[in-house]
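To start, the structure under review is shown below, and the notes come after it.
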Amino acid sequence: MEDNLCKKILNKLTDINESKLTLTQIPPEILEIICGYLCPKDLFSLTLVCKKLKNFLWSFDSNMTQRIWRNSRIRWSTFVEYKGVPPPSEEIMSQQKCIWLIDLVDACQICGDKRKDGSRIYWPFKLYSCKNCIDSRVISFESAIQKGISGSVFYSLPCIFLYNEHGVDRYCLESDVLKTQREYESINVEKREEWIKEKIGDQFKVNDLLIQYTQREESRIRKEKPKCRPGRATRMISNNYYY
């Protein structure tokens, strides 16, 4: 079907004497078809060709651009167990970011450790990291409060839950906490409550989507591998909350 469409498009270009168009002059509809034959790595390489192609392929709001990356991921991506399963909803992150984390990042994004069993995707943070780096860069609610961080600020941020000596506690990236606290303090006092309420509401929506994603993938894995031992499904998909 695509081949026939390509032939029709090429015939049309020939008819209007535009067969010598350069890649950057090709209409977006045709460029989308061409990109459909490129793997994610090639798409990333294409973004380096020129500013126009970069703007086109890095658009996070364009339905066409997101469709290009999604189709490339579906057609070409291969998922290995240690990096989890297909990415969550586009409402959580763009196709470009998903593909980068799953297919192209091959080492901890913080320390560069390339051990296949040493790192995992932390979906809430949109980060591929080893446990040592995560442990050294997250902060608990109690520690944040001791440093003068607003509790509302802490709860407005992406988080994971880690087991410690007291049980399970909520953790956020310390850099995000400090940055958001500074932003919070820079806002007019009268507007802070409305600002933080909106941030918390947005984060709750993302958390709900991550929970739905986790439950859906756990169910899928159990159906595909009914004989796997208990708990294995959660470990396979890099559970978005408990580590």
Side-chain angles (χ1 to χ4, degrees), residues 60 82-85 87-94 96-98 100-102 105 107-113 115 117-215 217-218 231 234-243:
F60 300 127
Y82 82 94
K83 295 190 76 171
V85 296
S89 166
E90 290 177 14
E91 297 176 82
I92 298 175
M93 70 180 73
S94 67
Q96 296 97 316
K97 185 67 175 181
C98 289
W100 178 258
L101 287 173
I102 291 177
V105 175
C108 170
Q109 292 180 278
I110 299 173
C111 71
D113 186 352
R115 290 179 304 155
D117 59 347
S119 298
R120 70 194 309 171
I121 297 175
Y122 291 83
W123 288 114
F125 300 151
K126 303 177 183 179
L127 180 69
Y128 183 64
S129 171
C130 66
K131 187 177 185 301
N132 288 338
C133 286
I134 280 293
D135 287 346
S136 66
R137 284 166 173 77
V138 293
I139 185 172
S140 67
F141 177 78
E142 182 179 353
S143 297
I145 296 300
Q146 291 175 356
K147 291 188 176 184
I149 303 299
S150 164
S152 296
V153 166
F154 190 88
Y155 279 103
S156 72
L157 296 171
C159 71
I160 58 175
F161 288 87
L162 298 175
Y163 292 97
N164 55 34
E165 64 273 17
H166 304 297
V168 178
D169 203 354
R170 184 186 187 112
Y171 288 80
C172 296
L173 287 175
E174 186 170 6
S175 58
D176 286 350
V177 171
L178 297 175
K179 178 183 177 181
T180 306
Q181 179 67 27
R182 289 193 297 269
E183 187 177 357
Y184 174 75
E185 293 174 351
S186 69
I187 296 174
N188 188 287
V189 177
E190 289 78 13
K191 296 182 179 180
R192 286 181 182 177
E193 184 177 353
E194 181 181 352
W195 181 82
I196 202 68
K197 183 178 180 180
E198 184 178 348
K199 282 188 69 68
I200 291 175
D202 291 341
Q203 190 56 50
F204 278 166
K205 290 179 183 177
V206 173
N207 289 346
D208 287 341
L209 288 170
L210 283 170
I211 291 173
Q212 293 171 23
Y213 162 75
T214 299
Q215 293 174 340
E217 291 305 325
E218 284 181 347
T234 300
R235 290 195 296 276
M236 282 181 64
I237 67 169
S238 299
N239 187 299
N240 295 289
Y241 290 97
Y242 295 94
Y243 294 91

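Fair warning: this is a prediction, and the values are worked out from it, not measured in the lab.
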Working to the nearest 0.5 angstrom, can you tell me the gap between [X] [atom1] and [Y] [atom2]?
| X | Y | atom1 | atom2 | value |
| --- | --- | --- | --- | --- |
| Q203 | D208 | CD | CG | 10.0 Å |
| Y184 | S152 | OH | OG | 6.0 Å |
| I187 | E193 | CD1 | CD | 12.5 Å |

Practice prompt. Could you point out which residue of F161, Y155, Y171 forms a ring-ring contact (aromatic ring centres under 6.0 Å, His included) with F141?
Written response: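 Among F161, Y155, Y171, the one that satisfies the ring-ring contact (aromatic ring centres under 6.0 Å, His included) with F141 is Y155.
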Report yes if some heavy atom in the side chain of [X] is under 4.5 Å from a heavy atom in the side chain of [Y]; otherwise report no.
| X | Y | value |
| --- | --- | --- |
| F154 | I145 | no |
| S129 | S119 | no |
| E194 | K197 | no |
| W195 | E183 | yes |
| R137 | S175 | no |
| L127 | L101 | no |
| L162 | D135 | yes |
| I134 | R120 | no |

Discussion item. Suppose the criterion is salt bridge (charged side-chain N to carboxylate O under 4.0 Å, His left out): which pairs have a residue in residues 139-151, not counting sequence neighbours?
Written reply: K147-E174
Worksheet item: Is there a donor-acceptor pair closer than 3.5 Å between any side-chain N or O of T180 and the backbone N or O of V177?
Response: no
Quick one: closest heavy-atom pair of [X] and [Y], and the distance?
| X | Y | answer |
| --- | --- | --- |
| Q181 | G148 | NE2-O, 3.9 Å |
| Q109 | K126 | OE1-O, 4.4 Å |
| K131 | Y122 | CA-OH, 4.0 Å |
| P124 | I160 | CG-CG2, 4.0 Å |
| C172 | C159 | SG-CB, 3.8 Å |

Worksheet item: Is the number of heavy atoms from other residues, nucleotides or ligands within 6.0 Å of CZ (F204) greater than 12?
Response: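 Counting other residues, nucleotides and ligands, CZ of F204 stays at 12 neighbours or fewer.
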Worksheet entry | N132: partners by side chain to side chain donor-acceptor pair (under 3.5 Å), with sequence neighbours left out | none
